[in-house]
**Q** 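Following this message is one structure expressed as structure tokens.
Since we're looking at a predicted model, the values are computed, not measured.
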2 protein chains.
Amino acid sequence: MASDPRFSYVSPMSSEIASLTLRALRRVLRATEIGSRRLASTTGLTPSQWLVLREIGSRDAATPGAVANTLQFSQATITAIVDRLEELGLVQRRRGDRDKRQVILSALPAGQVALVDSPDLLQTNFTERFAQLPLWEQSMLLAAAERLSVLMDAQHIDAAPLLDSGAIDRSEPA
Amino acid sequence: MASDPRFSYVSPMSSEIASLTLRALRRVLRATEIGSRRLASTTGLTPSQWLVLREIGSRDAATPGAVANTLQFSQATITAIVDRLEELGLVQRRRGDRDKRQVILSALPAGQVALVDSPDLLQTNFTERFAQLPLWEQSMLLAAAERLSVLMDAQHIDAAPLLDSGAIDRSEPA
DNA sequence: CGCATATACTTCACCAATCGAAATATATGT
DNA sequence: ACATATATTTCGATTGGTGAAGTATATGCG
């Protein structure tokens with residue numbers, strides 16, 4: 001960014017930069033949203049199903065509760081989605097050994113294939129383009145993205161910090 | 001692989017930076033997603049309803065078709081959502097004068113209030129935090145966000161090419 | 001004009017998503 | 001052993017979302 005030491009033109013006020021940044025971010029959101037919908041229709045999975053499958057596949061041994069927590073869905077929702085994934089032969093339910101209340105979800109071969117087949121259209125395309133950039137810019141973008149995630153996450157500190165056994169109360173705001 | 005002995009610490013490869021950036025971005029996405037859900041529950045509107053309302057409010061005279069196009073929903077979906085917004089007394093349907101097949105949607109006072117009342121929780125929080133940052137960082141983040149939006153949008157250039165093809169036609173008074 | 005065709009919506013039938021509340025089964029502490 | 005907490009499912013209900021068919025209006029053409 002070329003910087004004019006004297007700032008003889010009207011430098012945008014802080015709040016304007018913020019809103020411009022937000023607008024750009026919304027464009028990002030929109031792109032990913034549409035992309036995920038498209039991806040989903042390619043694999044025959046709905047976005048939610050895909051998300052849940054990915055969550056299960058990535059840990060290879062998740063419980064409905066943990067998945068619900070991570071994705072911020074209710075357990076009931078996860079149950080319904082897992083029902084379908086099970087019907088499709090993509091995931092498997094089995095009872096926990098240590099704790100028989102638990103249900104252990106794992107991706108069946110077909111499920112893993114589905115995930116690999118569509119590693120994330122988004123990721124693929126993005127990665128390609130990203131790789132074209134000079135290293136300094138890549139680093140800059142990484143730093144910025146992390147900064148942004150903190151800025152936005154901050155308001156949801158309660159929403160994501162837990163990975164496993166949900167020992168969190170989560171008092172719901174009306 | 002790619003262990004270059006000249007670097008004493010592990011400098012991430014390009015692809016790694018990309019995936020780290022993606023991860024950060026996903027966190028951003030997640031935050032906004034959850035945020036929008038929460039926002040919606042605050043206003044009593046679902047995300048979709050809110051989106052449609054915003055779309056209507058922002059143009060102050062939209063047709064279902066145009067809204068459907070912009071948001072990439074089917075007309076049937078818009079019809080259903082508008083039904084609810086109408087029941088809630090937030091928007092109004094009236095028939096087009098020039099073309100009586102058309103339906104003109106407009107936000108009623110209550111609808112506009114709803115929009116103003118919740119300008120975007122996300123925006124509010126983000127803006128506050130953003131304002132705390134030094135100017136140089138704000139600028140940096142803006143640049144990064146725009147860069148990112150291009151990187152992601154690029155793959156969808158075909159996805160939204162018609163965004164205004166239907167949205168125009170503001171040949172209001174013949 | 002009169003008809004064919006195109007457009008703008010709505011209706012309908014259908015399934016997925018999502019949730020809260022209640023039900024079920026298992027753990028755990030006292 | 002009993003009360004209570006936890007993990008999940010079931011149930012009932014609403015919304016989201018779509019394609020296909022239906023309705024009304026427009027438009028072009030002979």
Side-chain angles (χ1 to χ4, degrees), chain A residues 33-34 36-38 40-41 43-53 56 61-69 71-88 91 93-105 162 164-174, chain B residues 33-34 36-38 40-41 43-53 56 61-69 71-88 91 93-105 162 165-169 171 174:
Chain A
E33 209 173 278
I34 294 177
S36 91
R37 238 182 267 166
R38 186 166 295 189
S41 77
T43 58
L45 295 175
T46 68
S48 292
Q49 289 170 356
W50 191 79
L51 276 177
V52 171
L53 175 57
I56 294 172
T63 64
V67 174
N69 249 322
L71 298 181
Q72 286 291 293
F73 288 147
S74 73
Q75 284 202 350
T77 299
I78 301 300
T79 294
I81 293 177
V82 169
D83 282 348
R84 267 156 227 137
L85 291 177
E86 208 176 18
E87 281 167 22
L88 294 172
V91 309
R93 274 184 170 107
R94 83 188 128 88
R95 221 72 212 196
D97 301 313
R98 223 171 53 96
D99 184 336
K100 282 175 186 161
R101 292 169 307 176
Q102 285 190 70
V103 165
I104 309 293
L105 304 168
L162 54 145
D164 39 8
S165 57
I168 293 74
D169 67 306
R170 193 129 57 81
S171 47
E172 179 122 25
Chain B
E33 210 172 276
I34 294 175
S36 92
R37 238 181 268 164
R38 190 165 294 188
S41 78
T43 58
L45 295 175
T46 68
S48 293
Q49 288 171 356
W50 191 79
L51 276 177
V52 171
L53 175 58
I56 294 173
T63 64
V67 174
N69 247 320
L71 298 181
Q72 287 288 295
F73 289 145
S74 72
Q75 283 202 353
T77 300
I78 301 300
T79 294
I81 293 177
V82 169
D83 282 347
R84 267 156 228 140
L85 292 177
E86 208 177 21
E87 280 167 23
L88 294 172
V91 308
R93 274 184 170 106
R94 83 189 127 88
R95 222 69 210 195
D97 303 313
R98 220 173 52 97
D99 185 336
K100 282 175 187 161
R101 293 169 307 175
Q102 283 190 136
V103 166
I104 309 294
L105 304 169
L162 54 157
S165 66
I168 18 70
D169 180 35
S171 52

**Q** Minimum heavy-atom separation for Leu85(B) to Leu53(B), with atom names?
**A**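 Looking at all heavy atoms of both residues, the closest pair is CD1-N, 4.0 Å.
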
**Q** Return the value, rounded to whole Å, for the distance between atom CZ of Arg84(B) and atom C1' of dG17(D).
**A** 10 Å

**Q** Side-chain N or O of Gln75(B) less than 4.0 angstrom from OP1 or OP2 on dT7(C)?
**A** no

**Q** Using only side-chain N and O atoms of Thr77(B), determine if any of them is under 4.0 Å from OP1 or OP2 of dG17(D).
**A**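 It does not, given that no N or O in the side chain of Thr77(B) lies less than 4.0 Å from OP1 or OP2 of dG17(D).
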
**Q** Using nucleotides 24-30 of chain C, report all nitrogen or oxygen pairs with the protein that are shorter than 3.5 Å.
**A**
from	atom 1	to	atom 2	distance (Å)
dA27(C)	OP1	Lys100(A)	N	2.6

**Q** Nearest heavy atom decides the nucleotide; on that basis, is Ala62(B) or Ala76(A) closer to the 5' end of DNA chain C?
**A** Ala62(B)

**Q** Are any of Ser48(A)'s side-chain N or O atoms less than 4.0 Å away from OP1 or OP2 of dT18(C)?
**A**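 Yes, because at least one side-chain N or O of Ser48(A) sits under 4.0 Å from OP1 or OP2 of dT18(C).
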
**Q** Is there a side chain to side chain contact (heavy atoms under 4.5 Å, CB included) between Gln72(A) and Thr77(A)? Walk through the geometry before answering.
**A** CA-CA 10 Å; Gln72(A) 286 291 293; Thr77(A) 299; over 6 Å; no

**Q** Atom CD of Gln102(A) to atom P of dT9(D): distance rounded to whole Å?
**A**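 Gln102(A) atom CD is separated from dT9(D) atom P by 11 Å.
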
**Q** Whether Thr63(B) contacts dC9(C) is assessed here as follows: a side-chain N or O lying under 4.0 Å from the phosphate OP1 or OP2. Is that the case?
**A** yes

**Q** Any donor-acceptor pair under 3.5 Å linking the side chain of Arg94(B) with the backbone of Ile104(B)?
**A** no

**Q** With respect to the phosphate group of dG20(C), does any side-chain polar atom (N or O) of Ser74(A) fall under 4.0 Å of OP1 or OP2?
**A** no

